[in-house]
Amino acid sequence: MKILNWKENINEYELDCVIDTLKSGGLVIFPTETVYGIGADATNSKAVDDIFIAKGRANDNPLIVHLDNKNNIEKYAYISNEIEQKLIDSFMPGPFTIILKKKDIIPNNVSAGLCTVGIRIPSNKIANTILTYSSIPIAAPSANVSGKPSGTDIDDIKDEFNNKVDYIIDGGNTDIGLESTVVKVIDGIPTILRPGFITKEDIMDAIGVVKVDDNIFKKVDGPVESPGMKYRHYAPVNECKLVYIRDNEECIKYFKDNSNNNTVIIGSNKLKDIECKKFLYYGNTLEEISHNIFRLLRLADTYNPELILIEGVKKEGLGLAIMNRLVRASSYNYIER
Ligand code: TXA
Ligand code: MG
């Protein structure tokens, strides 16, 4: 395994090596604007199997296929109606995944046996360069061992993938920090299966109608539209509790009453003076929180606290995606009032 530093520049010689590796069925961890992905040639089912093994991922949980540009979508999937076309035109390239009816060229293990496939066109320069120069559709889940927070920084994930992949490309901290919005058009309505940086409000503005899948805050088992929702996810090793209390004073009091020198607090500056083992500042805006949160969940574990107390946010705009990840990170140990 080799770590390539492309933070400043994409090294052309190394780019050739990465592309050769993908063409011969290898695995490469690469940055996108959302989180790092662990990628392989989506048309090579053996290479795709290796992704599932490296991540320890359940094989009923499908992967997203990454492409270099929208003109190539119909090589791999059917665009079946105007709403799908409009979503593609409005939000791709970018942190957006559309679920489409798949063509046979996509092997069944990519889509976990479903007749659909998730398609995403990343806007990140490194991801886009690899996709463009290789002309390979790249199947890539988030780069994290299943159950862990997604990787947004190489230092967080290089140990968990040590020698399980051929290359890790370091492109620095990822911009957005949360995975793409996953949308499927169901009965003519764009339905958010996983919230992300492209918000419900953005889709409403572009299409005039939008729905959020009922399961995004529920514990589910059995069949669901997005199999990823069934699994324990984003979770630190130590116990977490998520707290969203609208009233400021009451919120500060709750954190005070529930922390001690064995508690890590992740939150905004209003909690910074509370006595605890470690206070981790997550930012002031929803964008900053989204950018920092997965890294901080991992960092919190390094203090090995009895409890990680996390300040929740309002479930609006990007707040919906942040809360979706945090509710799962805390394994539904969550209060809201
Ligand atoms: O931002 C992202 O989307 C990142 C980067 C690397 O692109 N990728 C990512 O992949 O988050 P992953 O595998 O960690 O999450 C994919 C999610 C899962 O919840 C999965 O169940 C859902 O998308 N998904 C994939 N294909 C699907 C399909 N055909 N139907 C429904 N849900 C699907
Ligand atoms: Mg993931």
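In this text the structure is predicted, and so the values were computed from the model without any measurement. We're numbering straight along the sequence, starting at 1. Numbering of ligands and ligand atoms starts at 1, following listing order.
When non-hydrogen atoms are compared, ligand 1 lies under 4.0 Å from the side chain of Arg57 (C-beta onward) but not from its backbone. In Leu114, the part holding a heavy atom less than 4.0 Å from any atom of ligand 1 is the side chain. Under 4.0 angstrom from ligand 1, the non-hydrogen atoms of His66 all belong to its side chain.
For ligand 1 and Ile99, the ligand atoms under 4.0 Å from any heavy atom of the residue are 27 (C), 28 (C), 29 (N), 30 (N), 31 (C), 32 (N), 33 (C). When each atom of ligand 1 is checked for a heavy atom of Pro62 under 4.0 Å away, the hits are 20 (C), 21 (O), 24 (N), 25 (C), 26 (N), 27 (C), 28 (C), 33 (C). Taking a cut-off of under 4.0 Å to the non-hydrogen atoms of Thr116, the atoms of ligand 1 that pass are 28 (C), 29 (N), 30 (N).
Counting heavy-atom neighbours within 6.0 Å of Phe217 CZ, excluding the residue itself, gives a total above 12.
Classification of Glu33 and Arg120 as a salt-bridged pair holds, one side-chain N sitting under 4.0 Å from a carboxylate O. Using a 4.0 Å cut-off between charged side-chain N and carboxylate O, Glu306 and Lys277 make no salt bridge.
Counted by atom type alone, Thr43 and Asp41 present one or more donor-acceptor pairs between their side chains at under 3.5 Å. No donor-acceptor contact under 3.5 angstrom links the side chains of Thr34 and Ser180, judged on distance only. A donor-acceptor pair shorter than 3.5 Å cannot be found between the side chains of Lys272 and Asn269.
Taking the ring axis of Tyr244 as reference, the NZ or CZ atom of Lys314 does not stay both within 45° of it and closer than 6.0 Å to the ring centre.
Between Lys55 and ligand 1, no N or O atom pair is found at a separation short of 3.5 Å. Close N/O approach between Ser142 and ligand 1 is found [any backbone or side-chain N/O within under 3.5 Å]. Between Arg194 and ligand 1, a contact under 3.5 Å exists for at least one N or O pair. Between Tyr36 and ligand 1, not a single N/O pair is under 3.5 Å apart.
Ser150 lies apart from the Mg ion (ligand 2) in this respect, since none of its N, O or S atoms is found at a distance under 2.8 Å.
You'll find the side chain of Leu15 reaches within 4.5 Å of the side chain of Ile130, heavy atoms only.
Under a 4.0 angstrom heavy-atom cut-off, Lys102 registers as lying outside contact with ligand 1.
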